[in-house]
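Down below is the structure, laid out as structure tokens.
As the structure is a computational prediction, the values presented were derived from the model and not from experiment.
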Amino acid sequence: MKIIKNSIENHQKKKEQKKMILRKKNFDLREEGKDPHKGWHPMVDTGLGGANGALVKINRGTSDITGNNDETFNYFAEEQRRVAEQSKKQN
């Protein structure tokens with residue numbers, strides 16, 4: 001089990017080294033009067049809601065890149081409800 005313990009310790013040491021390098025870099029940037037978390041450019045508002053929300057909008061169907069609603073998102077759910085109601089009526 002000494003191998004596992006050594007690998008965990010080495011991993012922790014590498015993480016700490018990365019943290020210290022990043023802290024030094026951020027400190028140097030702050031001394032120059034720059035914000036290390038600012039980035040290069042401002043975010044562009046495409047109106048799609050980000051990468052995760054671009055394809056599926058909850059309760060509004062699917063949207064393509066133009067933002068048009070295809071109205072197919074809830075089709076299958078509605079169809080399942082309709083079939084379930086029909087089967088209840090038959091039984």
Side-chain angles (χ1 to χ4, degrees):
M1 292 298 134
K2 188 174 183 181
I3 296 171
I4 295 173
K5 186 177 179 181
N6 286 341
S7 66
I8 292 172
E9 289 175 1
N10 287 338
H11 181 69
Q12 290 295 330
K13 286 179 187 177
K14 286 181 184 180
K15 282 175 64 175
E16 289 299 321
Q17 286 176 348
K18 287 181 183 179
K19 286 181 193 176
M20 291 307 294
I21 291 170
L22 185 61
R23 286 179 184 153
K24 183 181 181 312
K25 178 184 154 197
N26 288 343
F27 180 77
D28 292 340
L29 286 172
R30 285 190 183 104
E31 280 186 340
E32 294 174 11
K34 298 179 181 177
D35 182 15
H37 302 294
K38 185 176 184 305
W40 291 283
H41 302 289
M43 295 290 289
V44 177
D45 185 14
T46 61
L48 295 175
N52 293 330
L55 299 176
V56 176
K57 298 290 184 180
I58 298 174
N59 296 329
R60 290 197 294 152
T62 57
S63 297
D64 61 2
I65 197 159
T66 61
N68 294 331
N69 189 349
D70 292 340
E71 297 183 7
T72 57
F73 181 76
N74 292 327
Y75 172 76
F76 296 108
E78 295 296 328
E79 185 66 19
Q80 286 177 337
R81 286 189 193 106
R82 188 184 64 74
V83 170
E85 288 174 3
Q86 283 182 352
S87 66
K88 284 181 185 178
K89 289 179 184 176
Q90 290 176 356
N91 292 337

Those residues at least two apart in sequence (or on a different chain) that pass side chain to side chain donor-acceptor pair (under 3.5 Å) with Asn26 are none
So how far is it from Arg82 CZ to Ser87 OG, rounded to the nearest 0.5 Å? 10.5 Å
Salt bridge (Lys or Arg N to Asp or Glu O under 4.0 Å) filter on Lys25, not counting sequence neighbours, yields none
Out of Lys18, Lys13, His11, Gln17, which one pairs with Lys15 under the side chain to side chain contact (heavy atoms under 4.5 Å, CB included) rule? His11
I'd like to check the salt bridge (Lys or Arg N to Asp or Glu O under 4.0 Å) partners of Glu16; sequence neighbours left out, ordered by chain and number. Lys19
